[in-house]
Amino acid sequence: MEPEVWRGMGLSDDEYAKITARLGREPNYLEVGIFAVMWSEHCSYKTSKPVLRKFPTTGPQVLQGPGENAGILDIGDGWGVAFKMESHNHPSAIEPYQGAATGVGGILRDIFTMGARPVAVLDALRFGALTEENNKLLLRGVVRGIGGYGNSIGIPTVGGDVYFDPAFSGNPLVNVMAVGILRRENIATGAAKGAGNPVMIVGARTGRDGIHGATFASVELTAESESRRSAVQVGDPFMEKLLMEACLELIQAGILIGIQDMGAAGLTCSASEMAGRGGSGVEIDLDLVPRRETGMTPYEIMLSESQERMLVVPRAGSEAQVEEVLTRWGLEAATIGRVTGDGLLRLTEGGEVIASVPVAALTEEAPVYRRPAREPAYIAELRAADLSGLRPRRPAEDILLALLRNPTITGKSWVYRQYDHQVGTNTAALPGGGAAVLRIRGARRGIALTTDCNSRLTYMDPFYGGAWAVAEAAQNIVCAGARPLGITDCLNFGNPEHPEIFWQFEQACAGVAAACAAFATPVTGGNVSFYNETPERAIYPTPMIGMVGLLADVEKLCPAVFPAAGEKIFLLGPAEGLLAGSEYLSQFEGLVAGALPPLDLPALKKRLDFVLAAHEDGLLAAARDIAEGGFAVALTEMAAAVGARVDLPGGEILAALFGEGPGRYILTAAAEAERELTALAAKWGQPFACIGVTGGDRLTVALGGAPALNAERARCRAAYENALGDLMD
């Protein structure tokens, strides 16, 4: 075999030599393709494994941690919540509608494969500046793809976040989180066990779409990427709905030993991983695989990533029952092989063995690389920047209005109005607040969901950015009145073969691990997406965090907007925020610079616990954390129906009104609750001050009694609600 063959599949010469040594012979073309996808970065995690092992993954609430299709957390009374986040970045860059749509379909299959009924989707998106027409086209296509798939299958898209920065031009990030609810007794796993048990493929037929999608996701985007559209799958949400119902019925009937989605690397990955988890082997007769195209080769059958397919291992003798369920839902089921006890992935065609590979070689023995890491030179330059002399360039009202029109800060109704976020009637908190909240049918409790990451801060200080992503997610969860339980992650970085990129990855993961340990929110699973760069640039490092929290009584969720006039407004946390890495600094000074101080994670955890205690005591009327844009933006976001008069305890106008940073909240309470709330803050040792009252039609802010901001509430809200739509329409 010529080296160009394995190199073209993404294998290095050293990797090919390892394969030959492991097999004790030269592999054939099909076997090389199987190794290529299973040893790809996307499937094997060969670069990230040593780093990911440092994440905390256990806790009393963890029912299923990393290693399965999705993590599961215990939410009490026999209920569990399954959740997972994954990326579909490269496919969305060249085919935004199908790239995003199949990203939704794939992550939903990961959820119902666990035996959970999907109840929500969240989208975390990053695009280049909207001054470039291509970025607008990508945004339109991605949003249409997410909405088209989710709306059609009947799963609400209830939250997420959207950021814009030139760092993402040409390489958008499309991260999708899916969440499902299940009874503990219905938890399913993806293991193939029991020699002689049948292996069945159910759902759609196999086509030629998506071949080598896993290896496509493991290289950088270049001008030639457009020619690889065949690596992008095509989804059918209506078939997925039928497949979901059929699979859940099979799981609840108790006849399945294992079930696995055919996602990246298709039949190759699902068969190998199921056999690996079960400590067994699998034999597959490729003549029995249902196909929708004629003349497909074994290579194409094994590497196809056609959507809406599952591999299932039922108990021997129950094949007819599986077929009956699938037929009733209008789908196909075919027995294509059997579980063996020899530890091999064996493929036959025409009665002849055409591939035979040890399962362990595919699932456990992929090379693990410990890449060199080096701090980029730009880090020291950013830290050395002196921001002490900054002064406002415009009146505060003009600054606020400009920030409210900033695509990253402004309201995202243009995005979420294209989604059906209330289908299923379980949505208790509508998009636009901090965390989404869902009811659980048949229980008083609810779940709070959020996705968070500030990519710019992670670029400036990866450890800080990773920890802050977890902290911001936790702040959004507790502001809704829920207790953070655990996270999933989607770790988006450039080429890890560059020492500076791998340093970013290591540092960001260390920050995530430290924050998860401090907040008792274990990592239950996730996804690593490397090679997110174009010939011009790497993306800002983006360790996206998806968090789940438990709300004991969904009827007591805390709103993120002022509910009425006459309520007291409180500031929890420091009076001033940070200008380093802020939206103000980027938008008005054209700078990404400044030193980010160490995060005091125990102090942030104590502040989270105080907010929860205040909520549990029934003292809070509304709560929102202060994030992008600072205090003035958060105040505007809360002022959906009523204005506010505020006097902050002094400080410099830019840091007080537009500074950002962790551990700062705006809280409101009824006037009669002020004394009790203040006493509770003192008990918890929190920096806490009553700063104003809700009411009127203006937003007025003083600093130590001196006027600092006087803006018309309706004008600010109009800027906030309409800016993105004006840019896109």
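The figures that follow rest on heavy atoms only: side chains count, while hydrogens, waters and symmetry mates do not.
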Which value, rounded to the nearest 0.5 Å, describes the distance between [X] atom [atom1] and [Y] atom [atom2]?
X      : Y      : atom1 : atom2 : result
Leu125 : Leu138 : CG    : CG    : 11.0 Å
Thr102 : Glu305 : OG1   : CD    : 9.5 Å
Cys479 : Tyr665 : SG    : OH    : 6.0 Å
Thr408 : Phe127 : OG1   : CZ    : 11.5 Å
Arg394 : Ile399 : CZ    : CD1   : 7.5 Å
Thr451 : Met544 : OG1   : CE    : 6.0 Å

Q. When you look at Gln475 and Trp468, which way does the side-chain contact (heavy atoms from CB on, under 4.5 Å) test go after all the steps?
A. CA-CA 10 Å; Gln475 290 179 184; Trp468 171 221; 3.7 Å; yes
So which atom in [X] and which in [Y] form the shortest heavy-atom distance, rounded to 0.1 Å?
X      : Y      : answer
Gly526 : Thr488 : CA-OG1, 3.6 Å
Ala560 : Gly434 : CB-N, 4.3 Å
Arg717 : Glu637 : NH1-O, 3.2 Å
Ala396 : Ile653 : CB-CD1, 4.1 Å
Leu303 : Val37  : CD2-CG1, 3.7 Å
Asp209 : Ser306 : OD1-OG, 2.6 Å

Short question: side chain of [X], backbone of [Y] - any donor-acceptor pair under 3.5 Å?
X      : Y      : value
Glu652 : Ala655 : yes
Asn527 : Cys490 : no
Glu86  : Val176 : no
Asn171 : Glu533 : yes
Thr542 : Tyr540 : yes
Ser44  : Ser40  : yes
Asp165 : Gly128 : no
Gln504 : Phe493 : no
Thr427 : Leu438 : no
Thr450 : Met547 : no

Are [X] and [Y] packed together at the side-chain level, in the sense that at least one heavy-atom pair is separated by less than 4.5 angstrom?
X      : Y      : result
Lys412 : Val143 : no
His88  : Ile107 : no
Gln418 : Val415 : no
Asp123 : Tyr419 : yes
Arg374 : Trp503 : no
Trp414 : Leu727 : no
Asn175 : Ser87  : yes
Ile487 : Val512 : yes

Q: Could you check Phe83 against Leu449 for side-chain contact (heavy atoms from CB on, under 4.5 Å), going step by step and ending with a plain yes or no?
A: CA-CA 10 Å; Phe83 67 121; Leu449 317 167; over 6 Å; no
From [options], residue fulfilling side chain to side chain contact (heavy atoms under 4.5 Å, CB included) relative to [X]:
X      : options                        : value
Pro543 : Asp489, Val470, Leu491, Asn492 : Leu491
Phe164 : Ser169, Pro407, Pro172         : Pro407
Tyr149 : Thr157, Val121, Val104         : Val104

Q: Please check if any side-chain donor atom of Thr47 sits under 3.5 Å from a side-chain acceptor atom of Glu41, or the reverse.
A: yes
Q. Would you call the rings of Tyr584 and Phe588 parallel, tilted or perpendicular, where under 30° means parallel and over 60° means perpendicular?
A. parallel
Q) How are the rings of Tyr459 and Tyr378 set to each other: parallel, tilted or perpendicular (split at 30° and 60°)? A) parallel
Q | Candidate pair Glu583 and Arg405, rule salt bridge (Lys or Arg N to Asp or Glu O under 4.0 Å), full reasoning | A | CA-CA 12 Å; Glu583 290 293 334; Arg405 296 187 184 102; over 6 Å; no
Q) Are Phe658 and Ser582 close enough, and set up right, to give a side-chain contact (heavy atoms from CB on, under 4.5 Å), and what steps lead you there? A) CA-CA 8 Å; Phe658 307 113; Ser582 66; over 6 Å; no
Q) Thinking salt bridges, do Glu497 and Lys46 make one under a 4.0 Å N-O criterion? A) no
Q: Please say which of Arg126, Arg456, Glu628 ends up in a side chain to side chain donor-acceptor pair (under 3.5 Å) with Tyr163.
A: Glu628
Q: Applying side-chain contact (heavy atoms from CB on, under 4.5 Å), run through Arg140 and Met728 and close with a yes or a no.
A: CA-CA 8 Å; Arg140 288 191 184 99; Met728 296 302 298; 3.5 Å; yes
